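Numbers here are sequence positions counted from 1. In this text, all values refer to a predicted model and were calculated from it rather than measured experimentally.
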Amino acid sequence: MKIEDLTWKELEEQIKNSPIFVLPIGSIEQHGSHSTLGTDYVIPKYLCEQIENIENVISLPAIPYGVCPYHKGFPGSFDIGYETLFNIIYKIIETIKNDGAKKLIIINGHGGNTAAIEDAGTILSENMDIIVVDWWRLAGDLNPIYSGGHGDKQETSAVMAIKESSVKLNLLKKQEMKHISENIKFSDSINANFKNGSIKILKNVKEIVSDGWVGNLDPSESSAEFGKQMLDDVTNYLIDFIKEFKKIN
């Protein structure tokens, strides 16, 4: 059920049954010329919608904005910063905890949100079980063929499964990474390889790839079918996890 559909009195009664709250968190940011600014928002929101009708599950409205300073070179990339996101998450968790909530699942759609989510959740974790699911990591764990990067086949296919018309594969540009040197080469937008080791190089994404997408899966191979199978697998995992989570007192 959606919390916005309940009265305060109904919520008070529901909390007596130790419900599991679900909070989707995303980001509005570039995902290449071909995929949508809302990629990191619509995917966790969609996953939440797939499980919100499970008995004794209460979904919270999705947080659309996140932490993405490295995408600022592209129009439509909203970086609200660590402190702002931390405070929003903290206040949401604090509120439901004060209301009597004991269990929360956060479905995260953007890696840049991790620090704010984990810090806020850890501080409030006493007498409360807080689970964080990075959907894209979970997908890769469930099946290696789903492992992808930023705006590549993984995310693009997921968006196509949700709203195929929003993806414009005809606008896709070839990935051309601007490496530091002949021997120091980026593997993604922050990690680079040198000899048999890896390092991190801090740069704006636009300085690395002019189009914005970074990944090992070619987005030209994206399809709604691939995305649906992946999202179905993630959804089924979440359903099974919720069954197990309910057993915890």
Side-chain angles (χ1 to χ4, degrees), residues 20-32 35-36 38-51 59 62-68 70-71 82 85-86 89 93 103-122 125 129-162 186-193 198 200 205 212-219 221-222 226-245:
I20 297 171
F21 285 83
V22 183
L23 173 63
I25 304 178
S27 182
I28 305 295
E29 60 182 52
Q30 71 82 18
H31 280 79
S35 197
T36 63
T39 294
D40 290 351
Y41 164 67
V42 299
I43 298 172
K45 181 173 177 287
Y46 171 86
L47 290 169
C48 181
E49 290 167 350
Q50 305 314 297
I51 60 176
S59 66
I63 300 174
Y65 300 110
V67 181
C68 58
Y70 32 79
H71 291 310
Y82 166 87
L85 184 61
F86 170 88
I89 296 169
I93 299 175
K103 296 178 181 179
L104 170 65
I105 298 175
I106 295 174
I107 303 178
N108 180 34
H110 174 56
N113 298 339
T114 299
I117 292 171
E118 293 183 355
D119 289 352
T122 300
S125 63
D129 293 314
I130 301 173
I131 308 300
V132 180
V133 176
D134 293 328
W135 83 265
W136 70 96
R137 297 186 198 280
L138 173 58
D141 290 341
L142 297 177
N143 192 328
I145 67 170
Y146 298 147
S147 294
H150 181 80
D152 73 2
K153 179 182 176 181
Q154 184 197 48
E155 288 188 317
T156 303
S157 294
V159 174
M160 291 177 75
I162 297 167
F186 283 102
S187 55
D188 55 35
S189 59
I190 187 170
N191 295 294
N193 297 319
S198 63
K200 289 185 177 182
V205 171
W213 75 270
V214 183
N216 60 306
L217 299 180
D218 187 348
E221 300 175 359
S222 302
F226 182 84
K228 185 177 186 308
Q229 182 61 60
M230 176 173 59
L231 293 177
D232 285 350
D233 287 351
V234 172
T235 297
N236 289 332
Y237 177 94
L238 291 172
I239 291 171
D240 288 343
F241 179 80
I242 286 170
K243 291 177 183 176
E244 187 67 25
F245 199 19

Verdict with reasoning, E155 to S35, per side-chain contact (heavy atoms from CB on, under 4.5 Å): CA-CA 9 Å; E155 288 188 317; S35 197; 6.0 Å; no
Take I107 and L238, measure what side-chain contact (heavy atoms from CB on, under 4.5 Å) needs, and give me the verdict at the end. CA-CA 10 Å; I107 303 178; L238 291 172; 4.2 Å; yes
Begin with the C-alpha distance, continue with both residues' side-chain angles, and end with the deciding distance and a verdict on side-chain contact (heavy atoms from CB on, under 4.5 Å) for F245 and D129. CA-CA 9 Å; F245 199 19; D129 293 314; 3.8 Å; yes
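In this view, N216 satisfies the side-chain hydrogen bond (donor to acceptor under 3.5 Å, both in side chains) rule with no residue, not counting sequence neighbours. Residues satisfying the side-chain contact (heavy atoms from CB on, under 4.5 Å) test with A192, not counting sequence neighbours, are I184, F186, I199, I201. With sequence neighbours left out, the side-chain contact (heavy atoms from CB on, under 4.5 Å) criterion links W213 to H34, D152, L172, Q175, D211, P219. Partners of T36 by side-chain contact (heavy atoms from CB on, under 4.5 Å), not counting sequence neighbours, listed by chain and number: T39, V159, S166.
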Could you pull out every donor-acceptor pair under 3.5 Å between side chains of residues 136-147 and any protein atom, sequence neighbours left out?
from	atom 1	to	atom 2	distance (Å)
R137	NE	D134	OD2	3.2
N143	OD1	I145	N	3.1
Y146	OH	D233	OD2	2.7

For residues 41-51, please give each side-chain donor-acceptor pair under 3.5 Å, one per line with the distance, not counting sequence neighbours.
from	atom 1	to	atom 2	distance (Å)
K45	NZ	E49	OE2	2.9
Q50	NE2	Y46	O	3.1

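Considering all non-hydrogen atoms of both residues, S187 and N193 come closest at CB-ND2, 3.8 Å. Contact detail for V205 and G212: the closest heavy-atom pair is CG1-O, 4.0 Å. When every heavy atom of H110 is checked against every heavy atom of C68, the shortest pair comes out as NE2-CB, 3.8 Å.
Using a 4.5 Å heavy-atom cutoff, the side chains of L231 and K228 are not in contact. Between M230 and W135 there is a side-chain heavy-atom pair separated by less than 4.5 Å.
One distance of note links CD1 of I106 with CD of E118; it measures 9.5 Å at 0.5 Å rounding. Here the OH atom belonging to Y65 is positioned 13.5 Å from the CG atom belonging to D40, to the nearest 0.5 angstrom. The CD1 atom of I89 sits 7.0 Å away from the CG atom of L23 when rounded to the nearest 0.5 Å. Separating the CG atom in L104 from the CD1 atom in I93 is a distance of 5.5 Å, to the nearest 0.5 Å. Here the CD atom belonging to E221 is positioned 9.5 Å from the CZ atom belonging to F226, to the nearest 0.5 angstrom. To the nearest 0.5 Å, atoms CD1 (I63) and CG (N113) are separated by 8.5 Å.
Taking the six-membered ring for Trp and thresholds of 30 and 60 degrees, F241 and Y237 have nearly parallel ring planes, at less than 30 degrees apart.
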